[in-house]
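Numbers restart at 1 for each chain; the letters A, B, ... are given by sequence-line order, proteins then strands. Keep in mind that what you see is a predicted model, and the values were worked out from it rather than measured.
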Amino acid sequence: MPRALHRWNLDIAAARAVQSRLADRVETQDRLGPVHTVAGVDCGFEHNGTVTRAAIIVKSWPGLETVGSALARVPTTFPYVPGYLSFREMPAILAAFETLDTLPDLLLCDGQGIAHPRRLGIACHLGLWLDRPAIGVGKSRLVGEFDEPGPAKGDRSALRHNGANIGTVLRTRDNVRPLFVSPGHRVSTETATQWVLDCATRYRLPEPVHAADRLASSRGHRKPG
DNA sequence: GCGACAG
DNA sequence: ATCTTGTCGC
């Protein structure tokens with residue numbers, strides 16, 4: 001991974017051009033190997049947002065036991081602009097991945113996959129960069145229209161945008177706000193949806209992402225009660 | 001011009 | 001994302 005050869009603090013116009021170019025390389029068909037490890041990826045911020053904190057939690061599959069983790073803190077160089085999240089969080093995320101000796105078999109990223117204006121959400125960007133199967137798990141919608149899914153765990157509806165199916169609005173627990181699942185790379189919408197549901201055991205967020213969320217967030221450090 | 005807008 | 005305790009409901 002030619003990390004040193006890349007600059008991430010581009011202007012919006014340049015970032016947009018990069019997204020459009022990379023979007024063509026995203027694979028929406030299943031191309032996964034045996035999945036023995038599933039990782040959750042998320043970011044948090046410290047010091048008034050000047051530092052980005054990326055967290056990765058690697059879980060075994062099946063079993064969902066934590067078998068690895070990584071944490072990296074990097075100076076924040078890109079502002080939060082809807083549609084350009086990867087340029088803000090990728091530097092820290094890649095720094096965290098570099099401390100892992102083995103890449104996970106499947107990545108669950110907090111954020112969208114192809115459910116993005118130019119079909120290049122952070123899950124796509126990360127999946128392409130690491131050449132790993134990746135799934136986007138958003139807590140809210142960026143783009144797309146959908147019908148409210150039923151109230152029970154497993155209920156779902158299609159997320160569409162510009163006449164295309166870009167993901168699934170999935171209920172991962174009874175009576176909780178649904179998640180927005182979309183392919184990141186090398187995973188189909190159907191498979192992505194199934195993996196998120198299979199990893200959703202006790203929280204709204206799938207286990208790996210929930211764990212990464214806690215590690216990335218400053219509140220995850222508070223003492224248990 | 002106006003509203004929407006991942007984390 | 002982050003600042004933040006208790007409280008209401010399934």
Examine distances only and state if a side-chain atom of [X] and a backbone atom of [Y] form a donor-acceptor pair shorter than 3.5 Å.
X: A/H47; Y: A/G49; result: no
X: A/R173; Y: A/R204; result: no
X: A/R53; Y: A/A72; result: no

**Study point:** Heavy-atom closest contact (A/V143 atom, A/P117 atom, distance)
**Key:** CG1-CG, 3.7 Å

Study note, to complete from the structure: Closest non-hydrogen contact found for A/Q19 with A/G83 is NE2-O, 2.8 Å

Base, sugar-phosphate, or nothing: which does [X] touch, judged by heavy atoms less than 4.0 Å apart?
X: A/Y84; value: base
X: A/G121; value: base
X: A/D174; value: nothing
X: A/N48; value: nothing
X: A/G136; value: nothing

**Study point:** First-last contacting nucleotides on DNA chain B - partner chain A, under 4.0 angstrom, heavy atom
**Key:** B/dA4 to B/dG7

**Study point:** Partner set under salt bridge (Lys or Arg N to Asp or Glu O under 4.0 Å) for A/D110, not counting sequence neighbours
**Key:** A/K139

Provide, to the nearest angstrom, the distance between the [atom1] atom belonging to [X] and the [atom2] atom belonging to [N].
X: A/D213; N: C/dT2; atom1: CG; atom2: C1'; answer: 13 Å
X: A/R204; N: C/dC10; atom1: CZ; atom2: P; answer: 18 Å
X: A/R171; N: C/dC10; atom1: CZ; atom2: C1'; answer: 13 Å
X: A/L85; N: C/dA1; atom1: CG; atom2: C1'; answer: 10 Å

Point to revise | Secondary-structure notation, DNA chain B, from Watson-Crick and G-U pairs under 3.5 angstrom (| other strand) | key: .......

**Study point:** Residues clustering with A/W61 (ILVMFWY side chains joined when closer than 4.5 Å, directly or via others)
**Key:** A/L32, A/V35, A/V38, A/L64, A/L106, A/L108, A/I135, A/V137, A/L170, A/L179, A/V181, A/V187, A/W195, A/V196, A/L197, A/L205, A/V209

**Study point:** Consecutive Watson-Crick or G-U pairs in runs of at least 3, all under 3.5 Å, in which DNA chain C is involved
**Key:** none

Practice item. Fit a plane to each ring of A/W8 and A/W129, take the angle between them on a 0 to 90° scale, and name the class: parallel (under 30°), tilted (30 to 60°) or perpendicular (over 60°). Key: tilted

Check your understanding: Can you get from A/L22 to A/L130 by hopping between Ile, Leu, Val, Met, Phe, Trp and Tyr side chains that sit under 4.5 Å apart?
Key -> yes

Review point. Sequence neighbours excluded, which residues qualify as ring-ring contact (aromatic ring centres under 6.0 Å, His included) partners of A/Y80?
Key: none

Point to revise | A/R16 charged N/C atom sitting above A/F87 aromatic ring, 6.0 Å / 45° | key: no

